[in-house]
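See below for the structure under consideration.
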Amino acid sequence: MNSEQKTNMDITFVGSGISSSFSILNLLRLRKENAAEDKLKMTIIEKYPEFYKGIPYGKRSGFSVLLINALDMFLPQPERAEYIEWLNQNIDSLLEEFRKDGGHLAEKWILDNIDSIRANNWDKLYVPRAFFGVFIEEKTNEIIEELSNKGTLEVNYITAEVLDIDETNGMYKLYLNTGEEITTLKVALALGSLPTLKLFNDQEIVEEENLLLVNENYSLELDNILGKIKDFASKREGKETNVVVVGANASGLELMYKMSDIEEIDSKINNFSFISTQGVLPDFGIDKEAYDSFKTTNLFALQERESLTAQEIADAAYKDLDRAEALNIGAATSINHISKGFGALLDKLNKEELENFTCFHGNQIGRRQRLAGIHYLDNIFDLKEKNRLDHITGRFSSVKKNSDNEYYLEYKDTATRENMQYNKPTHVLLNCVGSTNLQKDDVPVLIKNLIKKNLCKPNKSQLGFYVNDALEASKNLHIVGPLVAGNIIKNRGIWHVEHCGRIIWLSKILAESLQAEMIPSRN
Ligand SMILES: Cc1cc2nc3c(=O)[nH]c(=O)nc-3n(C[C@H](O)[C@H](O)[C@H](O)COP(=O)(O)OP(=O)(O)OC[C@H]3O[C@@H](n4cnc5c(N)ncnc54)[C@H](O)[C@@H]3O)c2cc1C
């Protein structure tokens, strides 16, 4: 394509994960329903050489990791019904690929779930994530092909990183790391979540004789990372090798699961540890008796009040969470009560207080409501039973090389606030601490530039940008996906957009707004 053809594109998507794929899918379905005759010109720019799947559902996550939620919690209707129909048609080849990629734990997943699969009981299964990637790729390609064949769509794919964006006279110019420049009327930024906060230096991987530090688990492909751990552990054959995972969230459990799944890693690791400030793992399984008897008394007490502040609702939610924990009731059992309890009170907040709740409290409450699938947790129980797993309750500080040339984990103990050194040496240190924020220096260059040029303004959460109800950060510059966090959209406070159902909801809002405003290109 010559540079002249690259001007006046109607819309350019930056990033090609499921936020962008669902937006494209919904936009094209709308155009099909409305029998649009004009030609839509679309560019999709993705820095990683794979389109539509993003980080969790494509090659960067590999083919043998699982959803963190059961299918009925992952995907709303009508998308779930469409996905299940597709799963039933494709399951044999999907399972073959899953089996090839995974080890004995993948085999166990198949064994445990094959009866439900054959009986079409998918809703409660923690389905391998990659299956969804294959599905979304196929569905998006299908409609692109159909409309392209009809002559009403032209799609241009570019593998490059967008480094900067300028706006002049109502047109946007995108600067790519390949030196190319793309001019476009509309932009949809679908960049995913902010990158992981680095542990103690900004290198993605550090390898020394006695330490392997991995700061980024997915951008370099999980299979690559697992390969590096395997090689590092093999080189240490005969010596003690311990793994420390910083952060006990879903990605920490996932790494533990995959290390156990790969015999060449599992057999060479002596001890695994988590370090997390709360010392609690995500939960699984509802305790029916506790579910029936638990009452959110603190949240309930606020129901009679006519108006409330965000802080009052959050304080009541924390007290109810404390009560649940004191009664030994896990997050899987309490989540429904707590979420319904505070959800029913949000109408009592004025706009400013709803924004405060959205930006400062929603995620904090969510941190104490983490859930995971039984296959990931079973692996943890198994390691514990074999005395191969510790959970340190504290805040990671660093690793320090002692006189024996070994690295030791340093942390601040949550209960005593004292600085401590963990007594076992650390050899593999895996960073699962969660995302950075928009106030920090380590945000990607594109985001820095967008802020500097005032094209996007960080909202109070520092996790996302202000957008209007058409998801615009500036005129014709839309955002979809996790960077919408911290907004009130259609009167709903959105504190995170990591959930597929919410991504689909936002993608429909974007598709409708684009469809309403789309200016036919000059053909
Ligand atoms: C490892 C992992 C597992 C998860 N598991 C689950 C789960 O089981 N259930 C669930 O509900 N949610 C899960 N999530 C939440 C997840 O955020 C969403 O499900 C969803 O994938 C977000 O999609 P996205 O398209 O917004 O972001 P992404 O999938 O991150 O896609 C964004 C894309 O933009 C590209 N990009 C970024 N910057 C640029 C640039 N400057 N130029 C060009 N391209 C760029 C990236 O390479 C990437 O492909 C998981 C998230 C992760 C990271």
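Atoms within each ligand, like the ligands themselves, are counted from 1 in listed order.
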| field | Sub-4.5 Å side-chain heavy-atom contact between Y257 and D378 | value | no
| W495 side chain near I365 side chain, heavy-atom distance below 4.5 Å | no
Pairs of nitrogen or oxygen atoms closer than 3.5 Å, one from [X] and one from ligand 1: do any exist?
X: R60; value: yes
X: E498; value: yes
X: K47; value: yes

| So how far is it from I18 CD1 to I24 CD1, rounded to the nearest 0.5 Å? | 12.5 Å
Quick one: nearest non-hydrogen protein atom to [atom], plus distance?
atom: atom 34 (O) of ligand 1; answer: G15 CA, 3.2 Å
atom: atom 24 (P) of ligand 1; answer: S19 OG, 3.4 Å
atom: atom 30 (O) of ligand 1; answer: G192 CA, 3.6 Å
atom: atom 41 (N) of ligand 1; answer: V162 O, 3.0 Å
atom: atom 8 (O) of ligand 1; answer: I68 N, 2.7 Å

| request: Could you tell me if any non-hydrogen atom of A250 lies under 4.0 Å from any atom of ligand 1? | output: no
| message | If we only consider heavy atoms of S251, is any one of them less than 4.0 Å away from an atom in ligand 1? | response | no
| query | Should the pair F131 and F98 be assigned to parallel (<30°), tilted (30 to 60°) or perpendicular (>60°) ring geometry? | reply | perpendicular
